[in-house]
Amino acid sequence: MEHDDPALSSAALQRLAARIDRPIVLVGMMGVGKTTVGRKLAAMLGVPFCDADEEIEKAAQMSIPEIFAQFGEPYFRSGERRVIARLVGEDGTPVRRVLATGGGAFVDQETRELILRRAIAVWLDSDVDTLVMRVGRKSNRPLLKNGNPREILTRLKAERGPAYAQAPIHVKSGNQPHQATALTILKAIDAWL
């Protein structure tokens, strides 16, 4: 598969994919593009893509807003931790995949330690304006239900920043094609490995 970027030819991409021996876990704020970019990244590497939120909904047989409403955030975070542990191969089995996590997953200390130990954590970051524009497209964001989304996102970004900053790879996601962000991530992983 050829890309516009000569720095990552098909052969270079195959060599990089062969060096990745564990999951790539995308962390960051809601609306930053973890799922969309994650799908591109997985396709480029020829590995499966998995969305932790979708897996949580399957396991609980209810939507995330329903879980929050019925059981609260602490219950949700506990289930999220168990699902992510399974998806990153907590049992020691190496799993090659790209995993998109929910915005609060990496903030949970146990989940963060697990991801840092078992995976390649990539902090996908955007400015608040981009986040506000992107989250406005969906109505399934429980943490944005009660207040001004811009204010909530600004506060969450400030609160969660120190946790996200523990990811060894930090990539900005702005108003560029998702393919470009995926290529930036691949270059950053290549340099980090």
Side-chain angles (χ1 to χ4, degrees), residues 3 5 7-9 12-53 55-56 77 80-128 130-131 134 153 156-174 176-193:
H3 302 287
D5 189 333
L8 268 180
S9 66
L13 193 51
Q14 288 176 351
R15 283 192 302 275
L16 174 57
R19 291 172 55 212
I20 297 171
D21 62 350
R22 57 196 137 158
I24 297 170
V25 178
L26 302 180
V27 304
M29 290 289 294
M30 67 180 92
V32 79
K34 296 180 299 286
T35 298
T36 312
V37 171
R39 287 186 201 285
K40 290 268 187 214
L41 193 58
M44 292 167 76
L45 290 169
V47 299
F49 170 78
C50 198
D51 183 290
D53 285 351
E55 294 295 318
I56 292 163
R77 295 294 170 209
E80 178 180 57
R81 186 179 315 113
R82 289 189 304 275
V83 167
I84 289 173
R86 175 175 52 82
L87 295 172
V88 298
E90 181 187 41
D91 62 359
T93 308
V95 181
R96 293 182 68 237
R97 69 165 44 112
V98 175
L99 174 64
T101 61
F106 203 67
V107 178
D108 178 89
Q109 183 176 342
E110 284 182 61
T111 304
R112 183 172 59 252
E113 288 171 358
L114 174 71
I115 291 169
L116 290 171
R117 188 171 61 252
R118 303 283 318 148
I120 300 170
V122 178
W123 173 18
L124 203 53
D125 191 12
S126 282
D127 60 62
V128 172
T130 301
L131 296 176
R134 290 179 180 168
L153 287 166
L156 286 174
K157 188 169 167 43
E159 289 172 2
R160 294 174 172 180
Y164 294 151
Q166 292 181 43
I169 299 170
H170 182 191
V171 172
K172 291 281 190 181
S173 169
Q176 74 240 18
H178 298 301
Q179 180 92 357
T181 304
L183 279 168
T184 302
I185 291 170
L186 288 172
K187 289 180 195 172
I189 289 172
D190 189 35
W192 182 74
L193 286 174

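From a predicted model like this one, the values you see are computed outputs, not experimental measurements. What's counted below: heavy atoms across the whole structure, side chains too, no hydrogens, waters or symmetry copies.
Two residues are said to be in side-chain contact when any heavy atoms from C-beta on lie closer than 4.5 Å; Val122 and Val25 fail this criterion. Between Val171 and Trp123, every side-chain heavy-atom pair lies at or beyond the 4.5 Å cut-off. Side-chain contact between Leu16 and Leu193: present, with at least one pair of heavy atoms (C-beta onward) separated by less than 4.5 Å. With a 4.5 Å cut-off on side-chain heavy atoms, Leu156 and Met30 count as touching. In this structure, the side chains of Leu26 and Leu99 stay at 4.5 Å or more apart for every pair of heavy atoms. Looking at heavy atoms from C-beta onward, Gln166 lies in side-chain contact with Arg112 at the 4.5 angstrom threshold. A 4.5 Å side-chain heavy-atom check between Arg22 and Val95 finds every atom pair outside the cut-off. Counting heavy atoms from C-beta on, the side chains of Asp53 and Thr35 never come closer than 4.5 Å.
Closest heavy-atom contact between Met44 and Ala182: SD-CB, 3.6 Å. Counting all heavy atoms, side chain and backbone alike, Ser126 lies closest to Gly174 at OG-N, 4.5 Å.
Taking CG of Asp127 as the start and CG of Leu153 as the end, the distance is 11.0 Å to the nearest 0.5 Å. Remark: Ile185 CD1 to Ser173 OG distance equals 8.0 Å, nearest 0.5 Å. Between atom CG of residue Leu45 and atom CD1 of residue Ile20 there is a gap of 5.0 Å, rounded to the nearest 0.5 Å. Atom OG1 of Thr111 is separated from atom CZ of Arg81 by 5.0 Å, given to the nearest 0.5 angstrom. Atoms CZ and OG1, on Phe49 and Thr36 in that order, are 8.0 Å from each other to the nearest 0.5 Å. One finds the CZ atom of Arg82 at 10.0 Å from the CD1 atom of Ile56 (value rounded to the nearest 0.5 Å).
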Run Leu116 and Phe106 through side chain to side chain contact (heavy atoms under 4.5 Å, CB included) and show every step you take. CA-CA 9 Å; Leu116 290 171; Phe106 203 67; 3.8 Å; yes

List the steps, then state whether side chain to side chain contact (heavy atoms under 4.5 Å, CB included) holds for Leu131 with Lys157. CA-CA 10 Å; Leu131 296 176; Lys157 188 169 167 43; 4.3 Å; yes

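Using a 4.0 Å cut-off between charged nitrogen and carboxylate oxygen, Arg39 and Asp51 do not count as a salt-bridge pair. A salt bridge between Asp125 and Lys172 is present, with a side-chain N of the basic residue lying under 4.0 Å from a carboxylate O of the acidic one. The pair Asp21-Arg96 does not count as a salt bridge, with every side-chain nitrogen at least 4.0 angstrom from each carboxylate oxygen.
Between Arg86 and the options Val83, Val88, Ile84, a side chain to side chain contact (heavy atoms under 4.5 Å, CB included) holds for only Val83.
Here the side chain of Tyr164 pairs no donor or acceptor atom with the backbone of Val107 at under 3.5 angstrom. A donor-acceptor contact shorter than 3.5 Å links the side chain of Thr184 to the backbone of Ala180. Remark: side-chain polar atoms of Lys34 are paired, donor with acceptor, to backbone N or O of Met29 under 3.5 angstrom. The backbone N or O of Leu87 sits less than 3.5 Å from a side-chain atom of Arg97, completing a donor-acceptor pair.
Looking at Thr181 and Gln176, their side chains do bring a donor and an acceptor atom within 3.5 Å of each other.
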